[in-house]
Each structure stands twice: as structure tokens, then as C-alpha cells.
Amino acid sequence: MEDLNRVLEKYEPVIGLEIHAQLNTKSKAYCNDINEFGAVPNTNVGPVSLGHPGTLPVFNENTLKYAVRLGLACKSQITRDMHFDRKNYFYADLPKGYQITQDKTPICRGGEILIKGDDGNEKSIELTRIHMEEDSGKSIHDIDPFDTLIDLNRAGVPLVEIVTEPVLKSANEAYNYLTEVRKLVRYLDICDGNMEEGSMRCDVNISIMPRGSKEFGQRVEVKNMNSIRNVAKAIEFEIIRHAELIEKGEPILQETRNFDASTNSTVGMRKKEDAHDYRYFPEPDLTPLHVSQEYIQAQKDSLPPLPNDLFKKYQKDLKLSEYDATNLTDSKGIALYFEELIKETKNYKAAANWMMGSIKSYLNQNALEIEDFPIQPETIAQLISIIDSEQISNSVATQKVFPLLLKNPKQDPLNIAKENNWITQNDSGALEDIIATIFKENPAETERFKNGEKKLTGFFMGKIMQATKGAANPKTTAQAINKVIQNF
Ligand code: ADP
Ligand code: MG
């Protein structure tokens with residue numbers, strides 16, 4: 001870290017990310033093989049996936065739909081007329097000998113992802129493009145000691161590649177960017193965002209230049225990271241490595257490097273030539289696509305609420321803290337539940353506290369998702385309402401009514417409180433009688449309290465709560481204790 005800070009005083013990192021996101025369509029991009037993770041190797045492989053000669057691809061329209069929705073969510077410009085291109089290369093996990101992708105006419109141009117920048121303010125990460133393509137098969141090098149194994153289940157799975165401008169400045173910004181993209185694809189329900197399973201993958205392009213310089217340094221590309229945290233680690237490692245090379249007067253090679261999670265370092269994999277010779281040409285087996293304005297509008301009209309919009313709404317309109325807004329929008333399910341809840345109550349802070357407190361702990365303890373949560377938002381709103389009207393105390397609500405509601409979600413919270421005598425006692429006369437009894441039963445403590453030992457308030461409060469089963473209103477009780485002790 002010390003090394004990194006020293007380097008950062010002198011050099012400015014420049015980072016651009018390329019994210020490949022596997023689209024969770026039911027079938028593959030150009031044939032009806034099933035698109036699923038974790039199937040027995042080489043079972044979802046028809047003749048098209050296997051690249052048999054004479055087979056023809058058929059475009060899966062959901063690929064287009066998902067890509068358009070992503071582009072709209074990023075405020076990209078959607079390309080209305082486009083075609084696919086062949087990117088030719090030879091590799092064992094690419095049986096056709098080419099990948100169907102988009103070179104000259106990506107489905108989306110421009111757009112942005114908003115993140116929290118290093119200065120704490122919102123920062124726009126500009127996108128260069130988003131294009132549609134297909135995944136290759138998977139080469140497995142670490143099962144057999146001698147041979148590479150090939151699994152072609154993944155061949156032909158639809159992908160979008162999201163490319164940023166070189167505008168990220170640190171490991172932390174890259175971390176925030178990836179977190180936002182993952183959240184977005186999950187909200188849109190187009191990709192599960194699972195980096196561990198490879199359904200979202202990230203290549204990092206990184207260079208450094210002297211602070212104040214306008215001219216970018218030589219970049220390298222790091223691949224093969226299976227977590228957002230590892231992307232951040234790879235960036236920090238590279239920043240230091242580049243600075244050391246520059247200080248030693250050695251060149252930074254234009255190369256592709258691999259991240260090794262066991263050592264948190266990167267190793268050179270292959271030198272990258274300036275221009276790849278992929279011999280791109282328009283894919284002759286697929287017709288060009290035309291996207292109508294109506295189609296785009298229909299997608300726009302059916303977008304779900306987006307995480308950044310909700311984040312802003314919670315801070316600006318509901319006046320919640322940044323912390324609350326972040327937690328509430330972390331997952332779509334929680335946000336959607338909260339959206340329902342705030343239709344029923346205007347006490348937004350209480351609603352947020354219920355979400356992040358009792359509800360989340362219950363879900364965590366039982367390994368459940370919010371979709372499995374049995375209590376309806378209206379019922380939680382009723383609970384908030386009877387706390388606000390001081391009919392029950394907050395502790396009775398969380399510790400007593402809530403657990404009973406979990407067992408009987410259809411019950412009315414106020415009825416539960418009434419049936420169990422948990423309605424707050426605001427009747428100070430009745431309270432004073434209870435307090436007097438407690439003073440009598442605890443003469444030693446009462447004497448000390450009378451003599452000014454204020455910390456005994458807690459002791460008496462506890463006794464009173466016990467006697468009233470938690471139903472005494474704390475404020476009324478505190479006042480009543482002080483009143484009764486005067487005349488005792
Ligand atoms: P490719 O990796 O296929 O050569 P590009 O040349 O379009 O593709 O660049 C890919 C990524 O590299 C983009 O995200 C871009 O922002 C980033 N990039 C380009 N130049 C630099 C640089 N000097 N330092 C860091 N990132 C860079
Ligand atoms: Mg690249």
C-alpha cells in the first residue's frame with residue numbers, strides 16, 4: 001500500500017474495462033441448444049454449436065432485446081441498422097474457426113454508467129460501445145495433467161461486450177464500476193452477474209502516465225479475474241509494476257497478462273501485436289438487422305426501475321442517507337419490496353430501518369430471499385403506523401409482534417398487540433401505581449435513587465417493562481418515575 005501511495009503521487013493511472021456478460025436467454029444465440037451453466041460437459045451441443053459444415057445460424061431475438069434494454073438503461077445510442085461480422089481465428093474451443101460478433105456496427109454507441117468516484121462525487125463512466133457476440137467453448141487445462149479438455153456447452157452462448165472509454169482512475173473506481181454494472185444487469189434480468197461462474201468477465205486495460213501529462217502510457221491488458229476484488233488487486237499490482245519499470249528505464253511491453261489469485265500478481269501470457277488480423281467481414285449467413293423506433297420505445301416503456309434512479313430518489317425525495325440508499329438498492333428484490341412499502345407509509349426512515357433491520361436479519365438467518373418473505377408490505381406499514389401513533393413501542397413491535405407475524409402473516413398487527421396486552425400504557429395513573437409498588441418491593445435501590453443515584457433509572461425502567469410486558473411507553477414512564485419518587 002505504501003508503495004502504491006508513493007507511485008500515485010507521481011503517476012496517474014488510466015484504466016479502461018471490457019466486460020463480457022453472458023445473456024441468460026433460454027437458448028443460445030444462433031441455435032436452440034439450451035443455454036445453462038453447469039450442465040454435463042458437451043451435452044448442450046447441436047450441429048450449429050459444433051460448427052458442422054453446412055449448418056446455418058438462426059438469430060435469437062432475445063439477444064437483441066436484452067442488448068437494447070441494456071443500451072437504453074445506459075442511455076446509449078441504439079443502432080437502427082446493423083449487421084454481424086465474422087472474427088476469424090483458430091482455437092480448439094472455437095470449432096467454426098470464427099466468432100460471430102459485431103465490428104463496424106455495434107448495437108450501442110456511447111452511454112454511461114454512473115459510479116461513486118474517488119472524490120466522493122458521482123462520476124460518469126463513458127461507454128465506447130456495447131456489441132453482441134457469441135461465447136466460445138471452454139478449454140480446461142487443470143483437470144488432466146497432459147491434455148487440455150474442451151467443453152463446448154458454452155459455445156454460442158450470447159454475450160454482450162461493454163467497453164468503456166479510458167476514464168477510470170483507480171482500482172477503487174474500477175471496483176465501483178463493476179459493482180454498478182453487475183447490479184444493472186441483475187435489475188434488467190439479462191445476466192446473473194456471477195463472476196465466479198464466469199457469466200460476467202472483465203478484461204482490464206491499464207497504463208500509467210506522469211501526473212499532469214496528457215499522453216497515455218503504454219497499456220497492458222489483464223484477463224482471467226473471477227471476482228471484482230481480484231480486478232482491483234490486479235490493477236494495484238499493475239500500477240506498481242509499471243512504475244517500477246519506468247523508474248528502471250525499462251519498456252512496458254504491450255502484452256496480455258493473466259491474474260494469479262494465489263499470489264495476487266499478474267504474469268505475462270502473450271505479446272499483443274498492434275493490429276490483430278482477424279479478417280473481419282460481414283457474416284453472410286445472417287441477414288442485417290433493422291430495429292424499429294417502435295421496438296425501441298416498447299423496450300424503453302417496459303424497463304424495470306433502475307438502481308441508480310432509485311438510489312437518487314431515496315436520497316433526494318425520501319431524504320434517506322447515502323448509506324440507506326445504497327443498501328436499499330443493492331438488490332432488486334429488496335428495492336422492489338421497499339417501493340411497495342413506501343406506497344403504504346410516509347415514514348420512510350422507519351421503512352428503511354425495517355428493511356435493513358428486522359427483515360434483512362430474518363432473511364439472513366434463514367438463508368431466504370426477499371421473494372420468500374411472508375409478510376406483505378402493507379402489514380409492515382401497519383406496524384410502522386401503530387408505532388408512530390404510540391400504540392405499541394418499537395421494541396414490542398420488533399421483538400414480539402414481528403415474530404408472531406412471521407408465523408401468521410395474515411394477522412393484523414394491532415390485533416396481535418391487543419390480544420397479548422402489548423398496547424402501550426400511556427395511562428400515567430396506572431403506571432404510577434405500578435411504579436409505587438416496584439419502589440416498595442426494592443427499598444434499598446429506591447433509597448439510593450432518592451439520594452440522587454440517577455443511573456438506577458435503568459434498573460427501575462427494566463422492572464417496569466417486566467411488569468407491563470414491555471408495553472409501557474418509555475417517555476411517559478421516565479416522567480412517571482420522577483414524579484413518584486418526589487412523593488415517596
Ligand atoms: P482491444 O483491446 O481489442 O485492442 P481497444 O483498443 O478498443 O480494444 O481498447 C480496449 C480498452 O482499452 C478500452 O476500454 C479502452 O478504454 C482501453 N484503453 C485504450 N487505451 C488505453 C490506455 N492507454 N490505457 C488504459 N486503457 C486504455
Ligand atoms: Mg481488449
Side-chain angles (χ1 to χ4, degrees), residues 7-8 11-21 70 74 76 85-89 91 98-113 115 117-118 123-136 159-178 180-181 200-225 231-232 234-243 245-246 251-259 266 268-280:
V7 169
L8 290 178
Y11 296 99
E12 183 177 338
V14 174
I15 301 153
L17 301 184
E18 294 162 274
I19 294 177
H20 285 93
L70 176 62
C74 299
S76 306
D85 296 284
R86 280 191 188 181
K87 178 178 178 178
N88 299 282
Y89 65 96
Y91 206 74
Y98 58 86
Q99 177 193 32
I100 303 179
T101 178
Q102 293 191 297
D103 181 33
K104 294 283 188 303
T105 57
I107 175 122
C108 307
R109 290 193 171 90
E112 63 176 357
I113 296 278
I115 68 159
D118 282 342
K123 176 171 175 176
S124 160
I125 304 304
E126 300 151 288
L127 304 182
T128 314
R129 58 189 270 153
I130 301 172
H131 64 260
M132 301 181 281
E133 58 185 28
E134 61 175 329
D135 215 341
S136 60
L159 298 175
V160 283
E161 179 171 345
I162 310 163
V163 184
T164 74
E165 291 291 297
V167 289
L168 294 149
K169 292 288 168 198
S170 67
N172 181 51
E173 287 192 352
Y175 187 97
N176 290 348
Y177 170 77
L178 278 162
E180 287 306 319
V181 172
M200 193 170 113
R201 309 193 285 274
C202 175
D203 300 340
V204 175
N205 293 271
I206 175 161
S207 64
I208 65 171
M209 60 185 178
R211 288 228 164 256
S213 166
K214 293 263 175 297
E215 199 180 320
F216 289 174
Q218 175 60 56
R219 74 170 150 129
V220 300
E221 187 169 357
V222 187
K223 290 185 181 285
N224 201 23
M225 284 152 294
V231 170
I235 290 173
E236 291 185 343
F237 178 84
E238 279 299 303
I239 293 173
I240 295 173
R241 191 180 71 84
H242 286 217
L245 286 172
I246 295 173
I252 293 160
L253 301 178
Q254 179 174 7
E255 61 181 351
T256 302
R257 298 176 70 86
N258 228 338
F259 181 71
T266 68
M269 211 161 62
R270 59 172 188 263
K271 268 187 82 176
K272 196 164 174 171
E273 305 306 329
D274 246 355
H276 308 280
D277 198 356
Y278 289 126
R279 305 257 163 158
Y280 283 102

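Just so it is clear, the values below take in all heavy atoms, side chains as well, and ignore hydrogens, waters and symmetry mates. As the structure lists them, so they are numbered: ligands from 1, and atoms in each ligand from 1.
With a heavy-atom cut-off of 4.0 Å, N205 touches ligand 1 through backbone and side chain alike. Residue contacts with ligand 1 for L17 involve N, CA, C or O but no side-chain atom from C-beta outward (heavy atoms, distance under 4.0 Å). Looking at Q218 against ligand 1, nothing comes within 4.0 Å, counting heavy atoms.
In this structure, the side chain of S76 engages the main chain of G110 through a donor-acceptor pair within 3.5 Å.
Polar contact with ligand 1: present for P166 (N/O pair, distance under 3.5 Å).
Note that CG of D203 and CD of E161 are 7.0 Å apart. Values are rounded to the nearest 0.5 Å. Considering CD of E173 and CG of L17, their distance stands at 10.5 Å, rounded to 0.5 Å.
Counting the atoms of ligand 1 from 1 in the order shown, those under 4.0 Å from a heavy atom of G217 are 23 (N). Atoms of ligand 1 lying under 4.0 Å from any heavy atom of V14, numbered from 1 in the order shown and given with element: 24 (N), 25 (C). Every atom of ligand 1 with a heavy atom of E165 under 4.0 Å away is listed here by number and element: 16 (O). For ligand 1, the atoms closer than 4.0 angstrom to any heavy atom of V163 are 13 (C), 14 (O). Within the listing of ligand 1, atoms 2 (O) sit less than 4.0 angstrom from a heavy atom of E221.
Under the 3.5 Å distance criterion, with hydrogens and angles disregarded, no donor-acceptor pair is assigned to the side chains of N88 and R279. Counting only N and O atoms by type, the side chains of T128 and E165 include a donor and acceptor under 3.5 Å apart. Side-chain N/O atoms of S213 and E12 include no donor and acceptor closer than 3.5 Å.
Heavy atoms of other residues, nucleotides or ligands lying less than 6.0 angstrom from OH of Y91 number 12 at most.
Among M209, R219, Q254, the residue whose heavy atom sits closest to atom 19 (C) of ligand 1 is R219. The heavy atom nearest to atom 15 (C) of ligand 1, considering only I208, T164, V167, is found in T164.
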Going through the checks in order, is the side-chain hydrogen bond (donor to acceptor under 3.5 Å, both in side chains) test met by E238 and T266?
CA-CA 8 Å; E238 279 299 303; T266 68; 2.5 Å; yes
